[in-house]
Amino acid sequence: MPLLEVRDLAVRYPVRTPLFHRQRYLYAVNGVSFTLDRGETLGLVGESGCGKSTLGKTLVKLETPYRGEITLAGEDLLHARGARLRKLRQKFQMIFQDPYGSLNPRLTVFSTLDEVLSLHFPERREARRERAAALLDQVGMTADALDRYPHQFSGGQRQRIGIARALAAGPEFIVADEPVSALDVSVQAAIVNLLRDIQRQSGTAFLFIAHDLAVVEHISDRIMVMYLGSAVELGRADRVTAAPRHPYTAALLDAVPTPDRRKRHTPGLTGDVPSPLAPPPGCPFHPRCPFAGPECRRVKPPLAVVPGDAERLCACWHPLS
């Protein structure tokens with residue numbers, strides 16, 4: 001049984017409309033379904049504005065979906081309220097993108113961690129301080145950081161503190177929302193390797209959100225690609241990056257600057273991303289797709305198993321071979 005199951009999840013926001021006009025909505029996430037196993041890392045990639053962060057925030061109850069189902073460890077997460085939700089929150093946490101804005105500048109590192117520890121581990125302060133020191137050691141920092149403030153640390157160190165905070169409750173599932181995009185390139189690899197080590201030690205499952213396919217390929221077991229709020233491809237990380245089946249995935253790979261790129265997967269993209277306020281009929285990618293046919297302009301393809309590749313899901317009427 002998967003740790004996390006998401007079915008037909010949709011998140012929409014009302015758009016200001018003139019008086020007496022029909023209410024319009026912007027769908028940031030539109031009908032996304034997937035599963036996540038225990039100890040697995042699912043990489044989530046796509047261009048800015050495709051709905052990645054909104055999906056991640058919805059999974060940790062920071063956004064309210066319009067429809068869909070979210071089940072975590074067999075529990076209905078979507079409709080959990082009150083004491084039941086407080087108990088479930090111990091099972092899921094989030095690592096935020098901005099290591100400078102995600103920490104309260106007025107709190108010491110211990111106070112930041114103790115906000116979580118005191119909620120889930122009602123024990124003596126000395127015992128909680130020992131737990132906090134152990135968390136810092138787990139993320140490669142020393143206990144003398146406990147009484148210091150965020151401004152006294154570098155960006156990489158702040159992100160390590162953010163990771164320690166996410167680990168404080170002992171979660172089974174963590175959403176990592178572009179955790180390295182705001183860091184120097186020299187620090188990114190260290191943080192990615194740290195997350196991999198944590199997963200090996202604790203068995204925590206990750207939804208790793210990023211726009212850099214090279215980073216996602218390095219850390220993920222599977223990759224899901226989103227475009228305009230919808231999932232367009234899902235499969236094993238090595239297979240998705242080696243042989244993309246959706247033209248959009250191929251275009252993302254072609255955009256990655258690698259010295260050994262011998263050939264392009266697609267003729268290249270044309271045009272801009274359509275407005276989510278007025279998505280095109282049929283396949284949302286068809287206005288930019290070099291392989292679009294008449295059916296692509298009429299009917300949206302479902303995310304379905306690719307013939308001959310049982311481990312790959314692709315939302316395309318003409319998947320690449």
Side-chain angles (χ1 to χ4, degrees), residues 3-4 39 41 44 53 56-63 72-73 77 85-183 187-188 190-210 219:
L3 172 66
L4 178 74
T41 296
L44 180 58
S53 293
K57 291 177 181 178
T58 305
L59 297 180
V60 295
K61 302 287 285 186
L62 294 179
E63 295 284 354
L72 180 64
L77 184 60
L85 178 57
R86 286 194 294 272
K87 186 175 181 181
L88 280 174
R89 282 194 183 278
Q90 188 172 0
K91 296 184 178 182
F92 60 89
Q93 294 292 321
M94 187 165 189
I95 301 170
F96 295 92
Q97 176 181 359
D98 183 8
Y100 297 94
S102 62
L103 300 177
N104 189 331
R106 298 184 178 183
L107 296 183
T108 64
V109 172
F110 173 67
S111 296
T112 296
L113 300 178
D114 196 44
E115 284 187 324
V116 182
L117 294 173
S118 60
L119 180 63
H120 298 291
F121 303 100
E123 53 194 4
R124 296 175 59 190
R125 179 182 173 88
E126 292 78 9
R128 298 200 307 270
R129 190 175 177 88
E130 290 178 5
R131 284 183 183 268
L135 286 167
L136 289 183
D137 180 68
Q138 190 175 359
V139 298
M141 297 183 69
T142 56
D144 60 7
L146 286 173
D147 297 314
R148 296 163 64 187
Y149 291 87
H151 73 270
Q152 296 175 280
F153 298 97
S154 67
Q157 289 173 320
R158 293 187 198 192
Q159 194 61 290
R160 288 175 186 268
I161 295 168
I163 294 171
R165 179 178 58 187
L167 295 172
E172 299 178 30
F173 166 58
I174 292 177
V175 173
D177 185 11
E178 303 211 33
V180 299
S181 63
L183 304 176
V187 182
Q188 291 182 5
I191 296 298
V192 169
N193 290 331
L194 171 63
L195 294 177
R196 294 184 67 185
D197 291 341
I198 288 170
Q199 186 177 62
R200 281 194 291 265
Q201 295 166 10
S202 64
T204 304
F206 281 89
L207 177 68
F208 189 91
I209 301 172
I219 194 174

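- Using modelled atom types, one side-chain atom of Gln159 and one backbone atom of Phe96 make a donor-acceptor pair closer than 3.5 Å.
- Smallest separation of non-hydrogen atoms from Gly155 and Pro99: O-CB, 3.6 Å.
- Remark: side-chain polar atoms of Glu63 are not paired, donor with acceptor, to backbone N or O of Leu59 under 3.5 angstrom.
- Annotation for Arg196: atom CZ counts as buried by contact number, over 12 foreign heavy atoms lying within 6.0 Å.
- A cation-pi contact, defined as under 6.0 Å to the ring centre and within 45° of the axis, links Arg148 to Phe153.
- Residues Leu136 and Leu146 form a side-chain contact, since some pair of their non-hydrogen atoms from C-beta on lies under 4.5 Å apart.
- For the pair Leu183 and Gly156, the tightest heavy-atom approach, listed with the atom from each and the gap, is CD2-N, 3.9 Å.
- Using a 4.5 Å heavy-atom cutoff, the side chains of Asp114 and Leu117 are in contact.
- Within the 3.5 Å criterion, the main-chain N or O of Val180 finds a donor-acceptor partner in the side chain of Gln188.
- A salt bridge is defined here as a Lys NZ or Arg NE, NH1 or NH2 lying under 4.0 Å from an Asp or Glu carboxylate O, and Arg165 with Glu115 fails to meet this definition.
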Inset, instruction - Please step through side-chain hydrogen bond (donor to acceptor under 3.5 Å, both in side chains) for the pair Thr204 and Glu172, ending with a clear verdict. - result: CA-CA 5 Å; Thr204 304; Glu172 299 178 30; over 6 Å; no

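- Remark: the backbone N or O of Gly39 is paired with a side-chain donor or acceptor of Gln199 at under 3.5 angstrom.
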Legend entry - Stepwise side-chain contact (heavy atoms from CB on, under 4.5 Å) test for Leu62 and Met94: CA-CA 10 Å; Leu62 294 179; Met94 187 165 189; 3.9 Å; yes

Legend entry - Intermediate values then yes/no, side-chain contact (heavy atoms from CB on, under 4.5 Å), Ile198 and Leu167: CA-CA 9 Å; Ile198 288 170; Leu167 295 172; 3.6 Å; yes

Inset, instruction - With side-chain hydrogen bond (donor to acceptor under 3.5 Å, both in side chains) as the test, would you mind laying out the steps for Thr108 and Asp147 before giving the verdict? - result: CA-CA 5 Å; Thr108 64; Asp147 297 314; 5.2 Å; no

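- The side-chain heavy atoms of Val60 and Gln93, taken from C-beta on, include no pair separated by under 4.5 Å.
- Evaluated for a side chain to side chain contact (heavy atoms under 4.5 Å, CB included) with Phe92, the options Leu77, Ile174, Leu207 yield exactly one hit, Leu77.
- Contact record, Leu3 with Ala205: CD2-CB, 3.7 Å, taken as the closest heavy-atom pair.
- Formation of a donor-acceptor pair under 3.5 Å by the Arg160 side chain with backbone atoms of Val139 is found in this model.
- Side chain of Gln90 to main chain of Ala169: a donor-acceptor pair is present (N/O by atom type, distance under 3.5 Å, no hydrogens or angles).
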Inset, instruction - Any chance you could lay out the side-chain contact (heavy atoms from CB on, under 4.5 Å) test for Lys91 and Phe173, step after step, and finish with the verdict? - result: CA-CA 6 Å; Lys91 296 184 178 182; Phe173 166 58; over 6 Å; no

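- Two residues are said to be in side-chain contact when any heavy atoms from C-beta on lie closer than 4.5 Å; Leu103 and Ile161 meet this criterion.
- For the pair Leu195 and Pro179, the minimum side-chain heavy-atom distance is below 4.5 Å.
- In summary, Asp98 and Arg158 do not engage in a salt bridge, as defined by a charged side-chain N under 4.0 Å from a carboxylate O.
- Under a cutoff of 6.0 Å and an axis angle of 45°, Arg131 and Phe121 form a cation-pi pair.
- The number of heavy-atom neighbours closer than 6.0 Å to CZ of Arg200, taken from other residues, nucleotides and ligands shown, is above 12.
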